[in-house]
Amino acid sequence: MTAGPAPEAPLLEVRGLVKHFPAGGGGLFAADTGTVRAVDGVSFRLGRGETLALVGESGCGKTTLARTVALLYAPTAGSVRFQGRELTGLGRRDLKPARRRIQMIFQDPYSSLNPRLPVGAIIAEPLVIHGLGGRAERRDRVATLARQVGLGAADMDRYPHQFSGGQRQRIAIARALAVEPSLVIADEPVSALDVSIQSQVLNLMRDLQAAHGLAYLFISHDLAVVRHFADRVAVMYLGRIVEEAPADALFANPRHPYTRALIAAQPVVGRGKRRPGDVLRGDIPSPLRPPPGCAFHPRCPLAQDICRQSAPALEAAGGEAGHRAACHFKDEAAP
Amino acid sequence: MTRFLATRVAQSVIVLALMSFAIYALIGLMPGDPIDLMISADPKMTPEDAARLRELYGVDKPVVERYANWLMAALGGDLGYSRLYAAPVLDVLLPALGNTLILLGLTLVLSLAIGLPAGVVAALRPYSRTDYAINLFAFAGISVPAFWLGLLLIIVFAVILGVLPAGGTETVGGAGFWDQAKYLVLPVANLTLASVGGHTRYMRAAMMETLRQDYIRTARAKGAGRARVVLGHALRNAMIPVVTIIALQFGYLFSGALITETIFAYPGMGKLIFDSIMGNDFNLALVALLFATLVTLIGNLLADVTYAWLDPRITYR
Amino acid sequence: MSTATHSQGMFGLALRRFRRHRLALGSAAALVALAVLAVAAPLVEAALGVDSSVVDLFNRFAPATAAHPLGTDELGRDVLVRLLYGGRVSLLVGLVTALVAAVIGTIVGLIAGFYGGRVDGLLMRFTDGVIALPLLPLLIVLAALDLEKVGLPAAFVQSENVSLYRIIAIVALVGWTTVARLVRGAALTLREADFVLAAHAQGAGALRIMAVHILPNLVSPIIVATTLSVGSVILLESVLSFLGLGIQPPIPSWGNLLTNAQELIWTAPALAFYPGILIFVTVIAFNFLGDGLQDALDPKAMEGR
């Protein structure tokens with residue numbers, strides 16, 4: 001490759017990514033009622049073999065961000081560079097080589113597998129779509145993949161409904177690995193599973209990461225999972241990243257009041273699960289009409305006049321390399 | 001609202017224009033052509049005469065050109081001459097249209113008066129004996145071949161009982177309102193029986209859907225009386241889809257009218273269309289088909305307007 | 001819940017719900033019986049020792065006897081056997097037409113539902129337009145067309161079965177709308193399913209996604225809609241044949257058996273009864289069957305009643 005990427009270029013670089021949806025049913029008579037700002041200016045980088053977790057409450061735009069990065073949705077603005085190559089604006093054919101290297105795992109293993117296809121065909125599908133290997137080679141590859149994720153050869157002729165949720169997620173992982181990706185976007189891959197199964201699947205994902213040098217963009221609302229799984233963590237609120245840091249630094253020294261609230265809301269043994277809303281005042285504002293200034297100010301215990309007027313930028317905070325936060329009071333001691 | 005109306009009217013005009021060309025082209029593909037018919041009717045005609053007539057009528061020109069000529073004449077008020085009735089097309093058409101509108105109007109009123117209450121009653125007690133019975137009749141109504149039902153009515157009321165006439169519009173010489181009314185009973189009954197089942201099923205489905213909605217449950221929970229909930233809240237909302245479907249069925253009613261009118265020898269549009277096609281009366285068939293399409297389109301337009309009027313959520317732009 | 005029993009449960013539930021529809025079950029039985037009888041028409045003919053193609057003017061309008069269980073018609077032919085032969089044609093034409101219509105409807109509905117947006121709007125407006133047209137008058141025009149003028153070879157136009165092909169073609173041309181609407185609705189839901197997104201994320205083409213991921217999951221709505229449209233297709237066929245524009249004698253069909261009967265209602269009203277009741281029973285049976293299948297296969301109806 002002559003015009004190859006610079007050696008220090010990250011695997012994935014997202015800059016100023018915006019995804020807006022028109023609101024309303026879009027019916028014949030529906031009036032234009034506004035725009036949902038699902039993703040509103042997000043930038044991050046992801047290196048080879050690295051795991052970046054995106055956390056936030058449901059409705060904060062995590063899933064939309066994941067799908068826009070995977071080019072399932074055409075971005076409204078911004079750039080997605082993968083292995084140094086710009087992906088936005090490419091047609092289906094031009095995107096295909098990148099699509100092979102970027103794979104997805106979905107949250108609900110019941111709806112992410114076609115109920116009418118046998119498991120072997122599901123795992124082999126990426127090979128077929130990308131035209132890799134002959135019939136026999138594909139069968140061998142599927143058998144290898146099945147073994148890697150802990151499924152038997154006999155399972156390949158069965159249908160998805162004959163498997164448990166954890167097994168189905170293993171099938172989805174095998175499908176993602178079939179075409180040797182370098183980036184896997186996992187959208188809440190374990191949140192639909194029983195807790196006892198969650199760690200099995202997470203361990204599998206970690207083993208495969210080591211074996212194949214995968215990078216993960218790992219979407220989750222569960223901080224306990226993220227803490228053990230991710231190298232770096234980005235916290236999202238109303239379509240923006242409000243804090244980003246190496247996992248240890250984020251949990252040891254959170255600089256954004258929203259991050260602190262999320263950490264405080266983590267379930268404690270014996271007391272059950274609490275939602276961030278129990279710690280924070282009020283509900284998430286509508287992404288149709290985000291509040292002016294800092295979007296978090298209506299719920300923030302630290303909010304001052306400045307927060308209502310100007311939106312803070314995502315800037316270095318906490319003293320550690322790679323730790324950034326978007327808060328006017330990021331450098332003050334936690335209350 | 002004006003703009004919404006204007007758009008829909010414009011759409012209807014476009015559909016009508018497209019249909020007129022399609023029908024014109026199709027009729028040109030029917031067996032025989034007008035000149036052949038004239039030749040067979042007049043043994044003294046020579047091949048030269050025929051050629052001159054072909055030239056005059058433009059039979060050998062491409063269909064688009066012939067259509068354009070016909071359209072210009074039609075827009076100028078000249079809809080042509082009916083071969084079968086030996087009269088201007090419009091003179092044949094208007095009385096027939098009047099007869100059909102009487103038939104369809106009576107049928108619509110009657111079948112709605114029966115079908116809508118039946119659907120509401122069925123929906124209020126779903127899966128009860130009453131619902132079961134109403135459903136059975138509704139299914140029978142949509143499944144019965146209308147022409148056969150017409151034959152049965154004639155057999156029972158005209159042949160066996162002899163109480164009603166088998167066809168026509170009035171007794172020869174014995175004119176009068178009641179005499180004419182007697183001739184309408186069987187055709188209206190036929191068409192009503194064939195369309196009431198559909199109305200019942202639509203009403204039942206829409207009402208059940210509405211009763212399942214949250215706001216109805218809320219109204220009930222707040223202690224609003226059953227009748228009040230049903231009539232005040234549910235019915236209006238349930239009517240929205242029903243009105244649309246019924247108005248969309250206008251074309252279907254026209255099909256029914258064709259069958260009924262043919263069987264009962266009732267001189268309406270349906271019978272006229274059938275007779276003109278079978279009798280190679282091209283001018284009449286063309287205009288009659290277009291009239292049927294026009295009436296159907298007006299029905300659809302009314303449906304849209306009523307829908308917009310009933311549904312407060314729609315905004316006009 | 002273990003998933004093995006989960007799936008059996010789904011299937012079992014569907015079966016149980018279907019069984020509960022006694023009407024649908026009875027309808028299925030009645031249709032099978034009718035079809036078997038129609039197929040076995042020559043055997044019935046032989047068993048009765050009659051020949052339905054032979055005209056016997058000395059034996060016109062005969063009352064029911066052992067040899068002629070339903071009597072004879074205006075040409076002295078056995079009514080029962082003629083009805084069974086007519087049933088062969090009517091049922092076959094009904095099924096074939098419904099299948100052709102289902103193919104057209106599936107293609108239209110699939111494309112509208114898969115692409116959504118403008119394509120969907122356009123196709124559904126077109127579908128609504130077809131539904132709203134005065135269909136029977138237009139069908140009569142189509143049935144009256146001179147096929148040679150349309151450009152079909154003369155040998156085909158003059159063949160004996162051309163009325164069969166013609167009726168199948170023109171009724172299918174207007175009968176696809178039910179299937180199109182149901183398929184479109186189901187496809188609109190499916191296109192948001194994660195496994196369809198997963199295929200998009202792989203870079204799969206539209207054709208592949210429709211053929212591999214959407215179509216196989218549309219089997220239930222297609223079966224339901226096709227069953228429901230068999231009834232309306234048979235009704236259309238019978239009325240056109242009755243008007244003399246459908247299946248042409250000497251091929252018998254329930255519709256054209258009624259054409260003659262209409263002229264004889266004063267002398268032999270019973271002749272007008274039999275073919276009609278068979279059409280009626282067949283159509284209502286297909287409608288009950290479709291309704292029962294819809295209840296049994298529709299996951300929305302699964303939640304308790």
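Please read these numbers as outputs of a predicted model, since none were measured by experiment. Every chain is numbered from 1, with letters handed out A, B, ... down the list of sequences.
Here A/Asp155 pairs with A/Arg158 under the salt bridge (charged side-chain N to carboxylate O under 4.0 Å, His left out) rule; sequence neighbours left out. Legend: residues meeting side-chain contact (heavy atoms from CB on, under 4.5 Å) with A/Ala146, ordered by chain and number and at least two apart, are A/Leu151, A/Met156.
Across every non-hydrogen atom of C/Gln202 and A/Gln103, the tightest pair is NE2-OE1, 2.5 Å. Of all heavy-atom pairs between A/Pro115 and C/Asn217, the closest is CG-OD1, 3.2 Å. Considering every non-hydrogen atom in both A/Ser112 and C/Phe195, the closest pair reads O-CB, 3.3 Å. The two atoms that bring A/Ile129 and C/Ala204 nearest to each other are CD1-CB, 3.4 Å, heavy atoms only. Counting all heavy atoms, side chain and backbone alike, C/Asp194 lies closest to A/Ser111 at OD2-OG, 3.1 Å. The minimum heavy-atom distance between A/Lys96 and C/Gly203, with the atom names listed, is CE-O, 3.7 Å.
How far CZ of A/Arg92 is from NE2 of C/His200: 10.0 Å, rounded to the nearest 0.5 Å. Between atom CD1 of residue C/Ile214 and atom CZ of residue A/Arg116 there is a gap of 13.5 Å, rounded to the nearest 0.5 Å.
Interface remark: of the candidates C/Ala193, C/Ala198, C/Ala199, C/Ala198 forms the most heavy-atom pairs closer than 4.5 Å to chain A.
For chain C, the nearby part of A/Leu117 is the side chain; its heavy atoms alone come within less than 4.5 Å. Within the 4.5 angstrom heavy-atom criterion, only backbone atoms of A/Leu113 (N, CA, C, O) approach chain C. When heavy atoms are compared at a cutoff of 4.5 Å, C/Val196 does not approach chain A at all.
Contact check for C/Leu197 versus A/Met104: no side-chain heavy atoms found under the 4.5 Å cut-off.
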